[in-house]
*Asks:* 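Quick one: structure below, then a few questions.
Atoms considered below: every heavy atom in the structure, side chains included; atoms not considered: hydrogens, waters and symmetry mates.
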Amino acid sequence: MSMTIDVALKEAMRTEGAIGAALVDYGSGMSLGEISVSKELDLTVAAAGNTEVVRAKMRTMEMLKMNDTIEDILITLGRQYHIIRPLSSRSGSGLFLYLALDRTRGNLALARHQMRVVAESIEI
């Protein structure tokens with residue numbers, strides 16, 4: 001089943017503990033869509049900042065001559081999890097899905113599973 005960007009972001013936000021989600025172009029750092037339930041989480045800033053994380057990891061993998069792909073990147077904060085999942089589809093090349101999750105309400109394993117399902121279903 002394929003999903004539009006808006007439907008995919010709403011689906012990501014159904015994850016228990018979700019605070020915000022975005023689909024980001026890591027070439028430009030621009031968000032193609034975002035949704036949040038928190039005034040404190042500026043998804044435009046998060047999109048730009050996490051673009052640097054993805055670029056740095058890709059450069060590192062290239063320097064190490066790792067012939068592999070990034071499944072996801074997890075950033076663990078005191079009160080939140082931030083999950084970055086690059087899209088692997090041809091139409092999603094150069095994009096990543098981002099989810100911020102409240103640690104006290106979220107389940108990391110379920111959130112990673114949900115992100116995989118959503119990322120595989122996005123139709124650009």
Side-chain angles (χ1 to χ4, degrees):
M1 177 181 116
S2 63
M3 296 182 219
T4 64
I5 293 170
D6 288 340
V7 171
L9 292 174
K10 286 176 183 166
E11 190 64 26
M13 288 299 291
R14 290 184 58 217
T15 305
E16 184 68 31
I19 300 167
L23 182 65
V24 182
D25 177 331
Y26 61 81
S28 67
M30 300 297 290
S31 172
L32 290 130
E34 52 192 50
I35 186 170
S36 177
V37 296
S38 169
K39 288 180 177 58
E40 287 90 49
L41 181 62
D42 185 333
L43 287 170
T44 303
V45 172
N50 285 307
T51 291
E52 293 304 316
V53 172
V54 173
R55 288 179 185 164
K57 188 59 193 171
M58 292 207 172
R59 274 194 311 270
T60 302
M61 288 174 54
E62 192 176 302
M63 288 187 296
L64 293 170
K65 297 179 179 23
M66 297 176 84
N67 187 19
D68 209 343
T69 57
I70 298 170
E71 185 173 310
D72 63 24
I73 298 169
L74 171 64
I75 300 167
T76 305
L77 304 176
R79 294 186 300 266
Q80 297 175 359
Y81 292 121
H82 290 211
I83 304 169
I84 300 167
R85 183 162 191 109
L87 272 57
S88 56
S89 68
R90 185 173 299 247
S91 66
S93 180
L95 305 177
F96 67 85
L97 190 59
Y98 166 74
L99 179 70
L101 194 67
D102 180 314
R103 278 184 70 165
T104 61
R105 296 186 5 243
N107 177 308
L108 184 55
L110 287 174
R112 288 183 71 218
H113 171 74
Q114 180 75 354
M115 289 285 282
R116 181 182 56 77
V117 170
V118 171
E120 290 172 355
S121 303
I122 294 176
E123 191 64 42
I124 309 300

*Asks:* What's the spacing between Gln80 CD and Thr104 OG1 if we round to 0.5 Å?
*Replies:* 10.0 Å
*Asks:* As a quick check of understanding, evaluate side chain to side chain contact (heavy atoms under 4.5 Å, CB included) for Leu108 and Thr76, giving each step before the final call.
*Replies:* CA-CA 10 Å; Leu108 184 55; Thr76 305; 5.7 Å; no
*Asks:* CG of Leu9 to OG of Ser36: how many Å apart, nearest 0.5 Å?
*Replies:* 11.5 Å
*Asks:* Donor-acceptor pair, distance only, cut-off 3.5 Å: does the side chain of Thr4 make one with the backbone of Val7?
*Replies:* yes
*Asks:* So, taking the atom named OG1 in Thr15 and the one named CD in Gln114, what distance separates them when rounded to the nearest 0.5 Å?
*Replies:* 4.0 Å
*Asks:* Using every non-hydrogen atom in the two residues, find where Ala18 and Ala12 come nearest and quote the distance to one decimal.
*Replies:* CB-O, 4.0 Å
*Asks:* If every non-hydrogen atom of Ala8 is compared with every non-hydrogen atom of Val118, which pair is closest and at what distance?
*Replies:* O-CG1, 3.5 Å
*Asks:* Keeping to residues at least two apart or across chains, list the salt bridge (Lys or Arg N to Asp or Glu O under 4.0 Å) pairs with something in residues 16-44.
*Replies:* none
*Asks:* Roughly how far, to the nearest 0.5 Å, is the CD1 atom of Ile5 from the CD1 atom of Ile124?
*Replies:* 4.5 Å
*Asks:* Which residue pairs pass the salt bridge (Lys or Arg N to Asp or Glu O under 4.0 Å) test when at least one of the two sits in residues 45-57, sequence neighbours left out?
*Replies:* Glu52-Arg55
*Asks:* Who are the salt bridge (Lys or Arg N to Asp or Glu O under 4.0 Å) partners of Arg14, not counting sequence neighbours?
*Replies:* Glu11
*Asks:* Starting at CG of Leu95, measure out to OG of Ser88 and round the result to the nearest 0.5 Å.
*Replies:* 11.0 Å
*Asks:* If I compare all heavy atoms of Ala119 with all of Arg85, which pair ends up nearest, and what's the gap?
*Replies:* CB-CD, 3.9 Å
*Asks:* Provide the full list of salt bridge (Lys or Arg N to Asp or Glu O under 4.0 Å) pairs with a residue in residues 107-116, sequence neighbours left out, each pair given once.
*Replies:* Glu71-Arg112, Asp72-Arg112, Arg116-Glu120
*Asks:* Quick one: do Met115 and Val37 end up in the same hydrophobic cluster if we chain Ile, Leu, Val, Met, Phe, Trp and Tyr together by side-chain heavy atoms under 4.5 Å apart?
*Replies:* yes
*Asks:* Can you tell me how far apart CZ (Arg103) and NE2 (His82) are? Round to the nearest 0.5 Å.
*Replies:* 11.0 Å
*Asks:* By the salt bridge (Lys or Arg N to Asp or Glu O under 4.0 Å) test, which pairs, at least two apart or in different chains, include something from residues 60-69?
*Replies:* none
*Asks:* Which residues end up grouped with Met58 if you chain together Ile, Leu, Val, Met, Phe, Trp and Tyr wherever their side-chain heavy atoms are less than 4.5 Å apart?
*Replies:* Ile19, Val24, Tyr26, Leu41, Leu43, Val53, Val54, Met61, Leu64, Met66, Ile70, Ile73, Ile75, Leu77, Ile84, Phe96, Tyr98
